[in-house]
K.L.:
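Okay, here's the structure, questions in a sec.
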Amino acid sequence: MIFMLPKISIIIPSYNEEKNISKCLDSVLNQTFSDFEILCVDDSSSDNTFEIIKNYSDKDSRIVPLKNSKKGVSSARNFGIENAKGEYIGFVDSDDFIQPQMFEFLYKAVTENNCDFSVCRYKKTSELKINHFDYKTEAFKPENFININDNDFTSKNELIFSAIWTKLISKNFLGEIRFEDYKIGEDTVFNAQLCSKNYKAVFVDAELYNYYINTESVSYTKLWDKKWFDLLQTRFIAYDILKDKNSVLSQFYLERGMKFLLSYRFNLKDTPNINSFYKPIKEYFKKYFVPFMKCKNISIKNKITIPIFFLIPPLYTAFRKMTDKTL
């Protein structure tokens, strides 16, 4: 008997997602493209998440339940990659859901255009809504999606190129790239490594991934300040990876890192971690100030305001109170 390998391996890391995992799996099983395997990597959930996954696998053999005990989301994704049999690899987070055409469009785009990976748009949402999209693609160029002088645009579109779940990647192109162990921002470093290679990619102009807004998620816990220090670090790490290989993305991440310094310093006030992170924040500013000022694609306005606000914190505090927003 000849067993055909799936064209796509979809990796879903999970931990205590019994409330959302069914919604996620249903959306993947409802794809218009069906030649895939689903590697559900559970990280020792203490609720019924793994039992739900097992029940799904009993009904559909494309679902592969795996356990990767207490090692975190990065390790879970890496474990999925090592066990993936597909020619292409995609990722879905267990608390999100996807549109029915997502993997049909991404697979069509990456194969028809002979690319290393394909990318789609995403939508932040708190409601389960199914849409229909027309298929249209264009070459994926970071400069088409990044306008460093338009803060509103970048804040809404950063995840197009920073998030892992907007992409379908050739396993051969992926090679030895793996996720590193950061609490938040691990996919930023992963994508920086991806984009540091000589790649060919295509963009699908449709909101095929639904980033589910859950106020009970880890990003909203009291550990916000500890976890988000990783997010600050990963912006600068991404810059260092890309600075000699992709000027558009590298300058973008450098500017985002400098803005995070302001935001993190502001939110760190009156927390137990202020003594632990105050010195590293100052060291980051000192290390990246000159490269930041030399970046030609960063506006004069930001080159003036960000250093002034950092060096004179009361000014930034007053700015936040007046505008109720970050830079």
Side-chain angles (χ1 to χ4, degrees), residues 7-42 45 47-49 52-53 55-57 59-60 62-63 73 77 88-110 117-138 140 144-145 152-169 184 187 191 202-221:
K7 290 184 171 65
I8 296 176
S9 295
I10 302 169
I11 298 170
I12 305 177
S14 62
Y15 176 71
N16 287 352
E17 286 291 351
E18 64 179 9
K19 294 181 180 179
N20 296 305
I21 191 65
S22 292
K23 171 188 66 182
C24 176
L25 289 174
D26 287 341
S27 73
V28 179
L29 293 174
N30 194 38
Q31 291 293 291
T32 52
F33 183 94
S34 60
D35 191 358
F36 56 74
E37 63 174 352
I38 306 172
L39 302 170
C40 293
V41 186
D42 188 69
S45 294
D47 63 5
N48 292 318
T49 300
I52 294 172
I53 293 170
N55 288 337
Y56 269 84
S57 69
K59 299 174 184 176
D60 195 316
R62 293 175 298 175
I63 297 177
V73 65
R77 287 177 178 151
Y88 294 89
I89 294 178
F91 298 87
V92 179
D93 282 354
S94 55
D95 55 347
D96 296 333
F97 64 96
I98 60 178
Q99 294 294 344
Q101 297 161 296
M102 178 168 171
F103 284 107
E104 175 194 350
F105 283 8
L106 288 178
Y107 183 78
K108 187 176 182 180
V110 76
F117 61 87
S118 53
V119 190
C120 68
R121 291 194 184 276
Y122 70 97
K123 182 178 182 179
K124 293 183 179 181
T125 184
S126 58
E127 60 179 349
L128 181 61
K129 186 176 181 181
I130 306 302
N131 298 309
H132 178 82
F133 300 95
D134 293 325
Y135 176 72
K136 52 183 178 179
T137 65
E138 60 182 275
F140 177 70
N144 290 348
F145 306 103
D152 184 59
F153 180 87
T154 55
S155 65
K156 291 179 180 178
N157 290 277
E158 179 182 357
L159 292 182
I160 289 176
F161 38 86
S162 290
I164 190 57
W165 29 253
T166 56
K167 298 175 179 67
L168 183 65
I169 309 164
I184 297 180
D187 46 354
N191 277 289
V202 62
F203 178 71
V204 178
D205 191 11
E207 294 175 337
L208 300 173
Y209 191 95
N210 290 273
Y211 179 43
Y212 186 67
I213 305 300
N214 178 11
T215 56
E216 297 179 357
S217 71
V218 72
S219 299
Y220 290 85
T221 68

K.L.:
Could you tell me if the side chain of Leu159 sits less than 4.5 Å from the side chain of Tyr211, heavy atoms only?
P.N.:
yes
K.L.:
Tyr209 and Trp165: aromatic ring centres closer than 6.0 Å?
P.N.:
yes
K.L.:
Please check this pair: side chain of Lys167 against backbone of Ala163, looking for a donor-acceptor N/O pair closer than 3.5 Å.
P.N.:
yes
K.L.:
Nearest 0.5 Å, what's the CD-CG distance between Gln99 and Leu208?
P.N.:
7.0 Å
K.L.:
Does any non-hydrogen side-chain atom of Val204 lie less than 4.5 Å from one of Val119?
P.N.:
no
K.L.:
Decide, yes or no, whether a salt bridge links Asp35 with Arg62 under the criterion of side-chain N to carboxylate O below 4.0 Å.
P.N.:
no
K.L.:
Can you measure from CD1 (Ile63) to CZ (Phe36) and round to the nearest 0.5 angstrom?
P.N.:
8.0 Å
K.L.:
Would you sort out whether Thr137 and Phe203 count as a side chain to side chain contact (heavy atoms under 4.5 Å, CB included), showing the intermediate values?
P.N.:
CA-CA 5 Å; Thr137 65; Phe203 178 71; over 6 Å; no
K.L.:
Pairing donors with acceptors under 3.5 angstrom, does anything connect the side chains of Asp42 and Ser45?
P.N.:
yes
K.L.:
With no hydrogens and no angle check, do the side chains of Glu37 and Ser9 hold a donor and an acceptor under 3.5 Å apart?
P.N.:
yes
K.L.:
Side chain to side chain contact (heavy atoms under 4.5 Å, CB included) between Ser162 and Asp187: does it pass, once the steps are laid out?
P.N.:
CA-CA 7 Å; Ser162 290; Asp187 46 354; over 6 Å; no
K.L.:
Look up atom CG in Asp26 and atom CD1 in Ile98, then write down how far apart they are to the nearest 0.5 Å.
P.N.:
11.0 Å
K.L.:
For the residue pair Asn210 / Lys124, report whether a side-chain donor-acceptor contact shorter than 3.5 Å exists.
P.N.:
no
K.L.:
Rounded to the nearest 0.5 Å, how far apart are CD1 of Ile160 and CG of Asn191?
P.N.:
12.0 Å
K.L.:
Between Phe117 and Phe140, what is the ring plane arrangement, given parallel below 30°, perpendicular above 60°, and tilted in between?
P.N.:
perpendicular
K.L.:
Between Ile12 and Leu39, does a side chain to side chain contact (heavy atoms under 4.5 Å, CB included) hold up when you go through it step by step?
P.N.:
CA-CA 6 Å; Ile12 305 177; Leu39 302 170; over 6 Å; no
K.L.:
Return yes when atom NZ of Lys7 has more than 12 non-hydrogen atoms of other residues, nucleotides or ligands closer than 6.0 Å, and no otherwise.
P.N.:
no
K.L.:
Would Lys23 and Tyr212 count as a cation-pi pair here, with the cationic atom under 6.0 angstrom from the ring centre and within 45° of the axis?
P.N.:
yes
K.L.:
Does any non-hydrogen side-chain atom of Asp96 lie less than 4.5 Å from one of Cys24?
P.N.:
no
K.L.:
Stepwise, does the side chain to side chain contact (heavy atoms under 4.5 Å, CB included) test hold for Ile52 with Glu18?
P.N.:
CA-CA 7 Å; Ile52 294 172; Glu18 64 179 9; 3.9 Å; yes
K.L.:
Is there a side-chain contact between Leu168 and Ile89, using heavy atoms and a 4.5 Å cut-off?
P.N.:
no
K.L.:
Can you measure from CG (Asp47) to CG (Asn16) and round to the nearest 0.5 angstrom?
P.N.:
4.0 Å
K.L.:
Does some side-chain heavy atom of Gln31 sit less than 4.5 Å from a side-chain heavy atom of Glu104?
P.N.:
no
K.L.:
Do Ile21 and Tyr56 have side chains that get closer than 4.5 Å, going by heavy atoms?
P.N.:
no
K.L.:
Evaluate salt bridge (Lys or Arg N to Asp or Glu O under 4.0 Å) for Asp93 paired with Arg77, printing each intermediate quantity in order.
P.N.:
CA-CA 10 Å; Asp93 282 354; Arg77 287 177 178 151; 2.9 Å; yes
K.L.:
So how far is it from Ser118 OG to Tyr107 OH, rounded to the nearest 0.5 Å?
P.N.:
11.0 Å
